[in-house]
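Report on the following structure.
In this text the structure is predicted, and so the values were computed from the model without any measurement. Residues take their numbers from the sequence shown, with the count starting at 1.
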Amino acid sequence: MKRVFIVLLSLIMCFSLLCGCGPSEQEDGEYEGYVELLGDPMFKGGINIDATGFGNDVDGRVYADYMGTATDDTYWNYSQHNCNLSTRNGEEYKEGDWFVYTDSMDRDAVSKVLKVNPTAGSVALNCDASKDYTEPRTSGTDPWVHMLLGQGFYNETFVADMDELILDISWTLTKMENKTGDAYNPSLHAAQFQLFFVVESANPAEANGLWFGMPFFDNRETELTEPNGLFDRGTMMYISSMGNAAYMDELATVGNKVSIKHDLLPEIKTALENAQALGYMQYSTFEDLYLVNMNIGWEIPGIFDVGVDIHNFNLKAKYKEAADEG
């Protein structure tokens, strides 16, 4: 089911756990009393590799296990929807502390490179889409390249039970080159790096949830964005984008590290209010909402060669004391 949510989210984007914590720029004791919601934020348990959906990877590698050294349970999925080249069919090798997975045995032909450092809790998502596309997209219904990491939430994630829900992440764009050429059309072609959550309602009368998104980078942006939202009739879910002005001081550029620590709870509440103001999720209250799954990474409907290093990625919940729950 979580794969279905990720696929549905991917189709609409251009129209707009457990314990353990990874190393970050956290002060000692900063998150004392908080719970890490991401399963395996250090990526020690390896990563499941999903199929492309093009039928080109049936017999390939389905699990990145770090050459047999993965030590924990696996929580992460790697999605590569609509790719002509599959990471299931490529190489596995090691560079220092990094385990590297490619989508071709021919290194000159490689498009996607997934690199994981389970010692540091870091991951790199690099994609030369120019080596995967055969021609630029000509219609909004044409498929596009995806490179996403995601997982479902398995512990209690009702947001009203929390005092804070802190996203703590740092990342650096390492490459951003537009290879679309004269065919470039910003209404059809883009490179987007983003984080999305699926938020659902426990009210049995509510059939639909919402997408809650954090845009990090879009090649078409010339300034930081404000919150916005729309309703997608294909998925029957409201799409809410926070707008990156809430948690970034300036647009991301290649080589400049971005560090974000932001409480998501107020924006999730606002997302519900905005949806209800437009007539959606009328049977839900904030107390009904809970996190279902998430994904982070690239959607590349244009022919772009891109890269990002995610240095750390944590999602910290501070739960209300029992006495405060009434």
Name of the residue among Arg107, Lys112, Lys115 meeting salt bridge (charged side-chain N to carboxylate O under 4.0 Å, His left out) with Glu91: Arg107
Minimum side-chain heavy-atom gap Asn244-Phe216 below 4.5 Å: no
With sequence neighbours excluded, residues passing side-chain hydrogen bond (donor to acceptor under 3.5 Å, both in side chains) with Asn126: none
CD-CG distance between Glu36 and Leu38, expressed to the nearest 0.5 angstrom: 4.5 Å
Backbone N/O of Cys83 and side chain of Asn56: donor-acceptor pair under 3.5 Å: yes
From CD1 (Ile300) to NZ (Lys179), nearest 0.5 Å: 13.5 Å
Whether Arg137 side chain and Asp142 backbone form a donor-acceptor pair below 3.5 Å: yes
Residues in side-chain hydrogen bond (donor to acceptor under 3.5 Å, both in side chains) contact with Gln276, at least two apart in sequence or another chain: none
Any donor-acceptor pair under 3.5 Å from Asp168 side chain to Lys261 backbone: no
Check ion pair Glu30-Lys316 (N to O, under 4.0 angstrom): no
Trp171 CH2 to Leu125 CG distance, which is reported to the nearest 0.5 Å: 12.0 Å
Centroid-centroid under 6.0 Å between Trp211 and Phe196 rings: no
His189 vs Ile303 side-chain heavy atoms within contact, under 4.5 Å: no
Thr172 side chain near Val258 side chain, heavy-atom distance below 4.5 Å: no
Note, Met242 side chain near Pro227 side chain (heavy atom, < 4.5 Å): no
Main-chain N/O of Asn89 paired to Arg61 side chain as donor or acceptor, under 3.5 Å: no
Closest non-hydrogen atom pair, Met147 against Cys127: SD-CB, 3.9 Å
Shared hydrophobic cluster for Trp98 and Ile310 (ILVMFWY, side-chain gaps under 4.5 Å): no
Between Ser86 and Asp57, a side-chain donor and acceptor under 3.5 Å: yes
Residues in side-chain contact (heavy atoms from CB on, under 4.5 Å) contact with Thr285, at least two apart in sequence or another chain: Glu287, Asp288
Met294 side, atom CE; Leu149 side, atom CG - distance, nearest 0.5 Å: 7.5 Å
Interatomic spacing from CE in Met237 to CG in Leu230 - rounded to 0.5 Å: 12.0 Å
Side chains of Asp97 and Thr119, donor plus acceptor under 3.5 Å: no
Shortest non-hydrogen separation from Leu37 to Met162 and the atoms involved: CD1-CE, 4.0 Å
Any side-chain heavy-atom pair of Asp103 and Val110 under 4.5 Å: yes
Asn312 side chain near Asn314 side chain, heavy-atom distance below 4.5 Å: yes
Residue pair Thr52 / Gln80, side-chain donor-acceptor N/O under 3.5 Å: no
Parallel, tilted or perpendicular, as decided by the 30° and 60° cut-offs, for the rings of Trp298 and Phe193: tilted
Tyr238 and Leu278, any side-chain heavy atoms less than 4.5 Å apart: yes
Distance-only side-chain donor-acceptor flag, Ser201 / Tyr283, under 3.5 Å: no
Check: Thr102/Ser104 side-chain N/O donor and acceptor closer than 3.5 Å: no
Any Leu291 side-chain heavy atom under 4.5 Å of Val199 side chain: yes
Test: Asp128 and Lys175 ion pair at under 4.0 Å: yes
Parallel, tilted or perpendicular: rings of Trp144 and His146 (30°, 60°): parallel
Distance-only donor-acceptor check, side chains Glu92 and Tyr101, under 3.5 Å: yes
Atom CG of Asp59 with >12 non-hydrogen neighbours under 6.0 angstrom: no
Aromatic ring pairing Tyr184/Phe304, orientation class (parallel under 30°, perpendicular over 60°, tilted between): perpendicular
Pair Tyr290 + Phe158: ring centers closer than 6.0 Å: yes
